[in-house]
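Below is one structure, written out as structure tokens; comments come after it.
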Amino acid sequence: MRIVFLANADIGLYKFRKEIVEHFCKDNEVIIVLPNGEYIPQLTKLGCTFIEFNFNRRGMNPFADINQILRYYKLLKELLPDVVLTYTIKPNVYGGIACQMLKIPYISNVTGLGTSIENGGLLSFITKALYKLGLKKCNCVFFQNKSNQSLFVDHNMVKGKSVLIPGSGVNLEANSYEQYPPDKTIIKFLFVGRIMRDKGINELLESAKIVKSQYPNTQFDIIGWSDENYDQILKEYQDDGIVIYHGLQSEMHDFYKDTNCVVLPSYHEGTANVLLEASATGRPVITTRVPGCIETFDEGVTGFGCEAHSVESLVDAIIRFLSISDEDRKKMGLAARAKMEKEYDRKLVIAAYEQEIRSIARR
């Protein structure tokens, strides 16, 4: 079969879906269509062909958006794939419309609601209307958490088949279990993600300031690229000795290995890959009780939950973690790994795609 992937960024396709690309490259012709980036060479080494397709991931210019549909239409008409796999909002919507026009089967993956829906208002209304158009004749829509699936079904954004999958899953070999750090003077907390408001960075910075004033033996490490001009703020907090900012890192495993706990106070997620990777490595997590995060941990067993938008709640969760013994932290890490093995193995996601593509092939 000829399988085309439509995505918005090479880093997401490589970090969270390379096993899916690699799996289908074995017996099929696979073409990836997305903007160019540093991970394209690694993706093409898997056996796929790359076609550069640039667009503004965030802009809502109607003329540019119509043009994107026409560009997808022209490209897919030339490629005539047997099935198209789409990820994130613009490929889901505009790629989906192009597939409908050409009567090409397609499978979409809703990786999260995003701020356009979460924040409500006119933009939310427009986004929901676009999703109705883009997913109208989708063969199957994959959702990464039950809350997102229910919202789409209840608002008639999905009328056909929808399937719940365990996020993007986690590669249990690449994210191998590591022994918990030996009992030592410094307790390390690690934040990994885009440095932006919706990831809870403001709450994290303020909480780190409060916790360090009471527990000087704590360390707060931050990894990720500054997505909303937080450079100066991060520099000020680092100069004051509150956080250590490591910038964007391509390899995360050693950072997970060296930390005691991963903290993600996000406002919304599809499924938080950072929490899956940390848990697979055997690290407890502290995260918000929101869809996409709450499913990834068991309260008091593999981590602690807190309320989104609340510095007080996040500080309480961090102090709860600091109050338990090192042996209990180790047990939480072991339980976190076991949960990933049982519920979030990336092979489960590959199997879900395999099943839907086989169904399309039979028809």
Side-chain angles (χ1 to χ4, degrees), residues 7-9 11-12 15-16 56-60 87-93 109-128 130-131 143-149 151-152 167-168 189-209 220-234 237 243 245-249 252 262-278 285-297 303 305-315 317-318:
N8 72 349
I11 186 170
K15 292 285 188 179
F16 310 127
N56 186 338
R57 291 188 301 141
R58 294 189 174 183
M60 291 292 285
Y87 298 89
T88 68
I89 181 168
K90 287 196 173 182
N92 282 347
V93 171
N109 190 317
V110 176
T111 56
L113 298 183
T115 55
S116 59
I117 291 181
E118 287 281 354
N119 291 344
L122 179 60
L123 185 56
S124 176
F125 176 81
I126 293 171
T127 304
K128 289 175 182 176
L130 288 171
Y131 257 126
F143 288 95
Q144 300 197 358
N145 66 67
K146 185 66 178 176
S147 177
N148 287 180
Q149 184 182 32
L151 186 146
F152 271 65
S168 298
F189 295 91
L190 174 66
F191 169 93
V192 182
R194 286 183 290 167
I195 313 300
M196 58 188 294
R197 173 183 169 275
D198 281 20
K199 292 293 183 182
I201 189 64
N202 293 329
E203 290 79 6
L204 177 76
L205 292 173
E206 187 60 27
S207 296
K209 184 177 181 179
F220 289 84
D221 296 288
I222 296 177
I223 293 176
W225 95 82
S226 184
D227 206 23
E228 293 178 351
N229 299 317
Y230 274 90
D231 298 293
Q232 184 58 37
I233 296 172
L234 288 169
Y237 273 80
V243 303
Y245 178 47
H246 301 272
L248 181 64
Q249 299 289 326
M252 284 302 308
V262 169
V263 183
L264 183 68
S266 183
Y267 298 174
H268 55 84
E269 296 283 341
T271 293
N273 292 294
V274 166
L275 300 177
L276 304 188
E277 292 173 354
V285 300
I286 294 174
T287 189
T288 44
R289 300 185 185 97
V290 300
C293 293
I294 194 170
E295 302 90 347
T296 66
F297 77 101
C306 63
E307 301 308 313
H309 306 272
S310 173
V311 172
E312 181 182 3
S313 182
L314 178 56
V315 169
I318 293 172

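Remember, it's a predicted structure, so these values are computed and weren't measured experimentally. Sequential numbering from 1 along the given sequence is applied to the chain's residues. In what follows, every heavy atom counts, from backbone to side chain, and hydrogens, waters and symmetry copies are set aside.
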Provide the closest heavy-atom pair for [X] versus [Y] in the form atom of the first, atom of the second, distance.
{"X": "Ser168", "Y": "Gln144", "value": "OG-NE2, 3.7 Å"}
{"X": "Gly270", "Y": "Asn148", "value": "CA-OD1, 4.2 Å"}
{"X": "Ser226", "Y": "Ile195", "value": "CA-CB, 3.7 Å"}
{"X": "Ala278", "Y": "Val262", "value": "CB-CG2, 3.5 Å"}
{"X": "Phe191", "Y": "Ile201", "value": "CE2-CD1, 4.2 Å"}
{"X": "Ile222", "Y": "Leu234", "value": "CD1-CD2, 4.0 Å"}

When rounded to the nearest 0.5 angstrom, what distance separates [atom1] in [X] from [atom2] in [Y]?
{"X": "Thr271", "Y": "Phe16", "atom1": "OG1", "atom2": "CZ", "value": "11.5 Å"}
{"X": "Ser207", "Y": "Asn202", "atom1": "OG", "atom2": "CG", "value": "10.5 Å"}
{"X": "Ile126", "Y": "Leu130", "atom1": "CD1", "atom2": "CG", "value": "7.5 Å"}
{"X": "Glu203", "Y": "Arg197", "atom1": "CD", "atom2": "CZ", "value": "8.0 Å"}
{"X": "Thr287", "Y": "Leu264", "atom1": "OG1", "atom2": "CG", "value": "4.5 Å"}
{"X": "His268", "Y": "Cys293", "atom1": "NE2", "atom2": "SG", "value": "10.0 Å"}

- Query: Using the ring of each side chain (for Trp, its six-membered ring), is Phe152 parallel, tilted or perpendicular to Tyr131, with breaks at 30° and 60°?
  - Reply: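 Aromatic pair Phe152/Tyr131 classed perpendicular.
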- Please tell me if the side chains of Met196 and Trp225 come closer than 4.5 Å, counting only heavy atoms from C-beta onward.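 Not in contact.
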- Item | Test item: Asn8 and Tyr87 side chains (from C-beta on) under 4.5 Å apart, heavy atoms |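 No, every pair of side-chain atoms sits at 4.5 Å or beyond.
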- Task: Look at atom NZ of Lys209 and say whether more than 12 heavy atoms of other residues, nucleotides or ligands are closer to it than 6.0 Å.
- Result: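 No.
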- Message: Can you confirm whether more than 12 heavy atoms, excluding those of Gln249, are under 6.0 Å from its CD atom?
- Response: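 For Gln249, atom CD is crowded (more than 12 foreign heavy atoms under 6.0 Å).
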- Quick one: do Ile223 and Met252 satisfy side chain to side chain contact (heavy atoms under 4.5 Å, CB included)? Show the steps, please. CA-CA 9 Å; Ile223 293 176; Met252 284 302 308; 3.6 Å; yes
- Message: Please identify which of these residues, Val285, Leu204, Leu190, Val192, meets the side chain to side chain contact (heavy atoms under 4.5 Å, CB included) condition with Val263.
- Response: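 Filter result, single survivor: Leu204.
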Short side-chain to backbone donor-acceptor contact, [X] and [Y], under 3.5 Å:
{"X": "Asn92", "Y": "Asn109", "result": "yes"}
{"X": "Lys146", "Y": "Pro291", "result": "no"}
{"X": "Ser266", "Y": "Glu269", "result": "no"}
{"X": "Tyr245", "Y": "Gly224", "result": "yes"}

